[in-house]
Amino acid sequence: MLQELSIKNFAIIDHLDVTFKNGMTVLTGETGAGKSIIIDAVGLLAGGRGSASFVRTGTSKAVIQGSFVFPENGVTYHVLDDLGIDHDDGSVILQREIHANGRNVCRVNGMLVNTSTLKRIGETAVDIHGQNEHQELMQPDKHLGMLDEFAGTQVATLRQQYQELYQAYKKLKATLENRRANEKEWAQHLDMLKFQVNEIEAAQLQPGEETALVAERDRLDNFQKINDALQRTQVILTGEDTVPGVNDQLSSALQAMQGIADLSPEFKQITTSLENAYYTLSDAVGDVSSQLDSLEWDEGRLDEIERRLEVINQLKYKYGDSEAQVLKYYDQIAAELKQMEATDETADDLEDRVSDQETQLQAIGEQLSTARQAAAKHLVTAIHHELADLYMAKTVFAVHFDRPTGHPLLSTGLDQVEFYLRTNPGEAMRPLAKIASGGELSRIMLALKTIFSESQGVTSIIFDEVDTGVSGRVAQAIAEKISGIAQNSQVLCITHLPQVAAMADHHFFIAKQIVGDRTETKLTRLNAAKRIDELARMSAGTQVTKLAVEHAHELLTLADEAKAKRSAN
């Protein structure tokens with residue numbers, strides 16, 4: 001429900017703050033006082049079209065802010081969750097700024113949103129009905145959703161089953177269409193992936209293999225140079241014939257120093273250094289000998305290495321700059337190939353699956369249609385009951401079912417639904433959207449709204465002079481209907497009828513006043529005495545008589561009796 005409304009620099013409103021309560025609230029006042037301007041402001045909070053013309057003359061921007069609360073698990077909270085907008089404290093603040101240059105700024109709980117998002121939220125919070133305004137009830141494309149809401153759990157379950165299968169069906173059908181259009185490209189891509197996977201697998205590439213092969217190739221390419229160096233080193237270290245090697249000479253030097261090592265620390269240090277050098281050199285002699293023993297020339301191995309390196313270079317040229325990149329690419333294409341082969345259905349296979357799903361959809365759609373038609377019968381009965389209360393007992397309401405040419409599968413089922421009416425005997429049934437305006441339309445709207453107000457989940461309903469063109473007992477019936485709707489939703493109502501105003505739980509009076517040289521709108525909550533005066537004014541016009549005051553008392557008494565009777569029932 002709308003708890004608080006703040007309006008600043010909007011049309012003839014300078015600054016207005018008002019607190020609303022649950023139940024039925026009426027706003028009355030003379031023509032031109034600004035009643036509809038307040039409703040226009042709420043409409044902008046609900047995402048209505050803004051215009052720079054709304055900005056009060058001489059100001060830079062109009063600012064409208066509304067604070068709302070909703071029932072636990074309300075539709076609005078679910079929408080906010082989908083949009084990622086916080087509402088932990090339960091309150092929802094909608095704000096709209098309209099600048100004189102035409103720029104719009106919208107916020108929801110402080111978060112900037114565009115007007116489309118504001119409208120998506122606002123339409124779950126506020127439902128505004130005007131005499132000539134196209135509302136949901138006057139939009140045929142909304143009628144099916146209203147019927148489904150009225151129908152309840154059975155239709156909701158079937159519709160969910162249908163729509164889940166429909167989404168899978170649409171995806172599969174798109175796959176089929178894409179497959180048919182790209183059959184050649186699909187096959188070519190599949191063959192390419194198979195070739196690449198097989199080529200890399202056949203190569204049996206190992207990480208670090210190229211580095212090892214290059215090192216081995218370099219040894220074979222430099223065999224003679226390596227052999228000569230090792231032979232020469234061995235001769236120098238071990239000697240030849242009568243010439244002693246470096247190692248033998250170092251051994252002799254070590255023996256000589258060992259004889260005097262105990263004579264001084266300096267000699268001991270030299271001896272130690274010679275020992276270290278001797279053992280290190282001895283290790284080197286062993287290593288050189290081992291290398292000479294393992295050294296072998298194999299021309300066939302060199303050719304084998306060159307061929308293997310060529311294979312690796314070809315893979316790198318095609319699939320990556322290194323072995324690691326080639327292997328990473330292999331993992332990617334192997335996964336893609338696996339996925340394509342897992343779904344490697346022919347177009348005929350896909351067509352069979354699409355046909356199967358169409359059959360399932362048709363079956364569920366028929367069940368859904370049957371349930372909807374049963375619900376439509378109950379809705380017709382309920383509407384006729386409401387219309388009878390509004391002195392339209394001869395009006396006929398019907399739910400018209402139709403299926404498009406060719407009977408295509410729709411996202412909502414098999415049916416197209418529109419509400420039809422016949423307001424007078426002998427006339428043809430006509431679409432609700434084309435029914436005559438005026439008093440009849442007001443009552444039809446109220447009858448439908450009475451039934452739908454609870455199922456639609458909208459917590460604030462605004463009636464903007466929907467009672468125009470009626471009087472007498474019809475006016476009283478309308479007043480009681482609006483009051484009845486207020487049992488399920490907060491109702492704000494602008495009215496010129498004293499019967500409607502008398503049924504209200506809260507009453508505001510709107511008036512124009514001149515402040516300085518500017519016209520401003522003033523809003524006043526009426527107490528019991530002031531309410532009598534306003535009802536008398538509404539009944540009598542400018543000249544309030546004693547009879548008008550008595551009539552005002554009578555209207556309030558009748559209103560209390562009607563409310564008490566409703567509560568008792």
Side-chain angles (χ1 to χ4, degrees), residues 70-79 81-82 120 123-124 127 135-177 350-386 397-421 429 431-433 447-459 488-489:
F70 304 99
E72 188 175 353
N73 296 322
V75 176
T76 306
Y77 292 144
H78 292 307
V79 173
D81 289 337
D82 289 342
R120 181 182 171 190
E123 67 186 6
T124 69
D127 187 9
Q135 300 295 328
E136 282 192 1
L137 295 175
M138 303 299 289
Q139 299 175 26
D141 61 335
K142 300 292 182 68
H143 292 177
L144 178 63
M146 292 181 181
L147 175 62
D148 286 353
E149 288 180 10
F150 173 81
T153 305
Q154 182 185 8
V155 164
T157 301
L158 287 171
R159 178 165 175 159
Q160 182 176 0
Q161 292 176 0
Y162 178 93
Q163 290 183 325
E164 288 175 355
L165 182 58
Y166 181 82
Q167 292 302 318
Y169 161 75
K170 291 294 288 184
K171 290 180 180 178
L172 187 62
K173 191 172 182 181
T175 301
L176 172 60
E177 293 171 352
L350 287 170
E351 190 167 359
D352 289 342
R353 289 180 59 196
V354 168
S355 179
D356 289 343
Q357 289 195 351
E358 285 177 345
T359 301
Q360 294 178 54
L361 279 170
Q362 189 71 33
I364 297 176
E366 291 293 351
Q367 295 178 49
L368 182 56
S369 181
T370 299
R372 282 169 170 164
Q373 292 183 46
K377 292 179 180 179
H378 293 297
L379 177 60
V380 167
T381 300
I383 289 293
H384 286 159
H385 174 75
E386 296 296 332
F397 174 88
V399 181
H400 182 72
F401 284 79
D402 190 22
R403 294 191 179 180
T405 304
H407 305 299
L409 297 169
L410 306 174
S411 62
T412 54
L414 310 179
D415 304 311
Q416 288 181 323
V417 166
E418 185 172 1
F419 297 154
Y420 272 58
L421 287 167
M429 295 292 293
L432 171 63
L448 290 168
K449 181 52 62 180
T450 300
I451 294 171
F452 286 125
S453 60
E454 185 171 4
S455 64
Q456 284 179 320
V458 177
T459 59
N488 298 317
S489 303

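The two atoms that bring Leu158 and Ala371 nearest to each other are CD1-CB, 4.1 Å, heavy atoms only. When all heavy atoms of Ile383 and Ile451 are compared, the closest pair comes out as CD1-CD1, 3.1 Å. Heavy atoms only, all atoms of each residue included: Glu418 and Pro431 are closest at OE2-CB, 3.1 Å. The shortest heavy-atom contact between Gly145 and Arg159 is CA-NH1, 4.3 Å. Closest heavy-atom contact between Leu410 and Tyr162: O-OH, 2.7 Å.
Between Phe397 and Phe419, the ring planes are tilted. Angles from 30° to 60° get that label.
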Review point. Taking it one step at a time, do Asp402 and Asp415 satisfy side-chain contact (heavy atoms from CB on, under 4.5 Å)?
Key: CA-CA 6 Å; Asp402 190 22; Asp415 304 311; over 6 Å; no

Point to revise | Trace of the side-chain contact (heavy atoms from CB on, under 4.5 Å) decision for Leu432 with His143 | key: CA-CA 10 Å; Leu432 171 63; His143 292 177; 4.2 Å; yes

Practice item. Carefully, step by step, assess Gln160 and Glu164 under the rule side chain to side chain donor-acceptor pair (under 3.5 Å). Key: CA-CA 6 Å; Gln160 182 176 0; Glu164 288 175 355; 3.2 Å; yes

Exercise for review: Begin with the C-alpha distance, continue with both residues' side-chain angles, and end with the deciding distance and a verdict on side-chain contact (heavy atoms from CB on, under 4.5 Å) for Leu176 and Arg353.
Suggested key: CA-CA 10 Å; Leu176 172 60; Arg353 289 180 59 196; over 6 Å; no

Practice item. Given side-chain contact (heavy atoms from CB on, under 4.5 Å), test Val380 with Val399 step by step and report yes or no. Key: CA-CA 7 Å; Val380 167; Val399 181; 4.2 Å; yes

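How far OG1 of Thr157 is from CD1 of Ile364: 12.0 Å, rounded to the nearest 0.5 Å. Note: Glu386 CD to Thr381 OG1 = 12.0 Å, rounded to the nearest 0.5 Å. We find the CG-NZ distance between Leu165 and Lys170 to be 12.5 Å, quoted to the nearest 0.5 Å. To the nearest 0.5 Å, atoms NZ (Lys142) and CG (Leu147) are separated by 15.5 Å. Rounded to the nearest 0.5 Å, atoms CG (Asp148) and CG (Leu368) are 6.5 Å apart. In this structure, the separation between CD on Gln167 and CG on Leu172 is 13.0 Å, given to the nearest 0.5 Å.
For His400, the ring pair (Phe, Tyr, Trp, His ring centres under 6.0 Å) test picks out Tyr420, with sequence neighbours left out. In this structure, Arg120 has no side chain to side chain donor-acceptor pair (under 3.5 Å) partners at least two apart in sequence or on a different chain.
Looking at Leu144 and Gln416, their side chains never come closer than 4.5 Å, going by heavy atoms from C-beta outward.
In this structure, a donor-acceptor pair under 3.5 Å is present between the side chains of Gln373 and Ser369. The closest side-chain donor-acceptor pair between Gln362 and Glu366 falls under 3.5 angstrom.
Of the options Glu358, Gln357, Gln360, a side chain to side chain donor-acceptor pair (under 3.5 Å) to Tyr169 is made by Glu358 and by none of the others.
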